[in-house]
Amino acid sequence: MPDLTRPGPENQRHRIRPLYSRPAKPLVFPILLLAPAVVLFAVFVIYPILKTIALSFYSWNGLSQPRFVGFANYRELAADPVFLIALTNSLLWLAAYMAAPVLGLGLALLTSQQLAPMRLIRAMFFLPYVISQAVIALVFGWFLNSEFGLLNALLHAIGLPSIHPLESERFSILAAITAGLWLQAAYCMMLYLAGLSLLDRDLIAAARLDNIGALTLFRKVIAPQLRPATFIVLMVTIVGALRNFDLIAIMTLGGPYDSSTVLAYFAYEQAFSSSQRLGYAAAISTVLFAMVWGFVGPLLLYMLASEKT
Amino acid sequence: VNSNASDPAPRRIWQEVIRDFQSAHPGITVVLNTYDHESYKKALPGWLTGTAPDVVFWNAGQRMRQFVEPGLLRDVSAIFTPPIRALLNEGAIDLVTVGGHQFGVPFALYPISLYLRRDLLEKAGVKLPIKSWNDLLSACVALRHAGVTPVAIGTRDLWPAAAWFDQIDLRLNGPDFHADLMAGRVPYNDQRVRAVFGKWKELIDAGCFLNSHASLSWQEAQLVMNQGRAAMMLMGNFIVPNFPPELLDRIELAPFPLIDRDVIPAEEAPVNSLHIPSAAKNPEEAEIFLAYVLQQQVQERLARGLAMIPVNRDAGISDDRLLKAGIEQIAGVTRLSQYYDRDSEPALALVGMKAFQEFMMHPERLDTLLDRIEKSRQTVVR
């Protein structure tokens, strides 16, 4: 049967060219459509990134004339003990956040069961993500407050000694990470729930007919179909871990002293608190930028490669 | 006029002052733009270098000097005629002076004092007033014995710890040394700086400070004091409104205890000030306004409304016991110091204040901490 929708040789002969189509310039329309996004992206994302990288080679307090200092900011960073703390804490945060996809998947599998109370339970688990991070940080801060916090009141009520995680150079970062993990697990759960809803029901039904066990069902049938979701989950978790700022800024201010600072907060502090060392802050941001790419880049490449096949 | 007096009471007072100024000077119209403190701090450099208002609110000392050096503030020495000078607190004039010229007008100051709960101290058997260093130390011991935390302090925001450093240094080494140290002219591993930490450690060892200070804001620390679990606090008089009314007559105010009687008396009292940007469009009118703010009745009204101490010595407050005590604390003093983070280079102040907090928790790390501050001093002061 001849395909009349395609311009075959004889169709083409009789074809009337529509007035509004201009095959001579086929690119104009897509370019016009893309332009606003591209311009905004270039002005508000690409330019600031390049400017920040450039600024990292200058010494500037926001008022003075910027002075070119070459790699001096980076040399200073390498010798700065606070930078080492921030870097360690950021990596610790990243490592701890890897629990979020696992927790999220577990919660998603649990709450996707077709049972009546699960809707409510799912909503409860997702609730933290609806609330702003700043509010979560405040609530956790109050909860853990050593003089007036609920946690110590509870511990006291059951006869346990009070704890003071936010004053401890060892535990204040862990307190912030815990608050973050609570949020991130909820987010991962939601992404996995979306992934689970896209599962091929026929495959699962077929597997059930073959009477295979739950574990094998998950490993051989469900997990492979969740791969795209897993990529996204990993990516947002890595980025979320490294760029984290709000929890530290509100819960600990990087303290006590610098013990709980992370790269993003350290950069902010150097730039905008009283310090006003914008060049130095730009160098910290550049390192953070490179780190994010170091972790996300390979993942992205792997994902693109596996999508092609 | 760009202002950072964004809290309701100060804002209303300034509106009143401006209304009266306009009726006294019908030819001049004043527009007051009020911003919150943090955004004000960030926007000020932009105003001074760009489209400048005629008058800006700011702080004296290093905070002002950083703008005087690049020539962003107008020399207003003309206002400071000998009769005007005679009226004002010398220390406050000092703080707006760079190279013999004045670059702003101080309008109010708030001394840092020791606020005490008389009831708790008496219950623990402490005799008031606390005047000497040993009085303070023995008060700490007695209060701990009575199960009360001697000093409420919250160092989460770092600067409350700096008040202790400043005060001990002023009492031990005097205002000249303190000014040199703040200006970065003295290394931090100097014996005299070590001596300050040595004195501070005596207080730490006597169990003076609230254990959980590192994670508390000063407001939370004051709440501990309001609840009767702590007896003293070293703060500016902006804490007074946060005392519950029924507690107020049990609160006493004392200057920081003396350590060495031969040291020149000086007080820590941050000064709030008005300045004219170099790029102002109506500098003459702005100067008239600045001079107006120094007048006695304006000073009294501001002091009352802002709950701060006037810089005009003729201005008197008779009906507020704690403000009056603050005025007395400043009265005989010719030397004022600003706050650590207003006097030092900002980048150095941040490193220093974090070290103070760490020292309060780990006094044994003093050597490392001093090395760290000293290293920062060397990079900052060049």
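Because the structure is predicted, anything quoted here is derived from the model rather than measured. In what follows, chains carry the letters A, B, and so on, assigned in the order in which the sequence lines appear, proteins first and then strands, with residues in each chain numbered from 1. Values below: every heavy atom of this structure, side chains too, minus hydrogens, waters and symmetry copies.
Side-chain N or O atoms of B:Ser278 include one that pairs as donor or acceptor with a backbone N or O of B:Gly71 at under 3.5 Å. A donor-acceptor pair is defined here as one N or O able to donate and one able to accept, closer than 3.5 Å; such a pair exists between the side chain of B:Asp343 and the backbone of B:Gln338. A distance-only check finds no donor-acceptor pair linking the side chain of A:His156 to the backbone of A:Ser162 [under 3.5 Å]. Of the possible polar contacts, none joining the B:Asn189 side chain to the B:Leu370 backbone as a donor-acceptor pair under 3.5 Å is found. Between the side chain of A:Ser56 and the backbone N or O of A:Gly279, no donor-acceptor pair lies under 3.5 Å. The closest donor-acceptor contact from the side chain of B:Tyr40 to the backbone of B:Asn2 lies under 3.5 Å. A:Ser172 contributes no side-chain N or O that, together with a main-chain N or O of A:Pro165, makes up a donor-acceptor pair within less than 3.5 Å. Looking only at distances, no side-chain donor or acceptor of B:Arg342 sits under 3.5 Å from a matching main-chain atom of B:Arg63. Looking at A:Ser259, its side chain does come within 3.5 Å of a backbone N or O of A:Pro256 through a donor-acceptor pair. Proximity of a side-chain donor or acceptor of A:Asn73 to a complementary backbone N or O of A:Tyr58 within less than 3.5 Å is detected.
Identified by a heavy-atom distance below 4.5 Å to chain A, the contributing residues of residues 211-218 of chain B are B:Asn211, B:Ser212, B:Ala214, B:Ser215, B:Leu216, in residue-number order. Residues of residues 357-368 of chain B lying under 4.5 angstrom from chain A, judged on non-hydrogen atoms, are B:Gln357, B:Glu358, B:Met361, B:His362, B:Arg365 in numerical order. Chain A is approached within less than 4.5 Å, heavy atom to heavy atom, by B:Pro45, B:Thr49 from residues 44-59 of chain B, ordered by number.
Only the side chain of B:Phe67 has a heavy atom closer than 4.5 Å to any heavy atom of chain A. Using a 4.5 Å cut-off between heavy atoms, B:Gln227 touches chain A through its side chain atoms alone. Proximity to chain A is limited to the side chain of B:Leu210, based on heavy atoms less than 4.5 angstrom apart.
No more than 12 heavy atoms of other residues, nucleotides or ligands lie within 6.0 Å of CZ in A:Arg243, so this atom counts as exposed by the packing criterion. With a 6.0 Å radius and a threshold of 12 heavy atoms from other residues, nucleotides or ligands, B:Phe165 has its CZ atom above the threshold.
Residue pairs satisfying the side chain to side chain donor-acceptor pair (under 3.5 Å) criterion with at least one member in residues 131-143 of chain A, sequence neighbours excluded, are absent.
Among the candidates A:Val82, A:Thr252, A:Asn145, the residue making the largest number of heavy-atom pairs closer than 4.5 Å to chain B is A:Asn145. Ranking B:Lys375, B:Arg156, B:Arg229 against chain A, the residue ahead of the rest is B:Arg156, based on heavy-atom pairs under 4.5 Å.
Between A:Tyr74 and A:Phe57, the two ring planes are tilted [angle within 30° to 60°]. Between A:Phe272 and A:Tyr268, the ring planes are tilted. Angles from 30° to 60° get that label.
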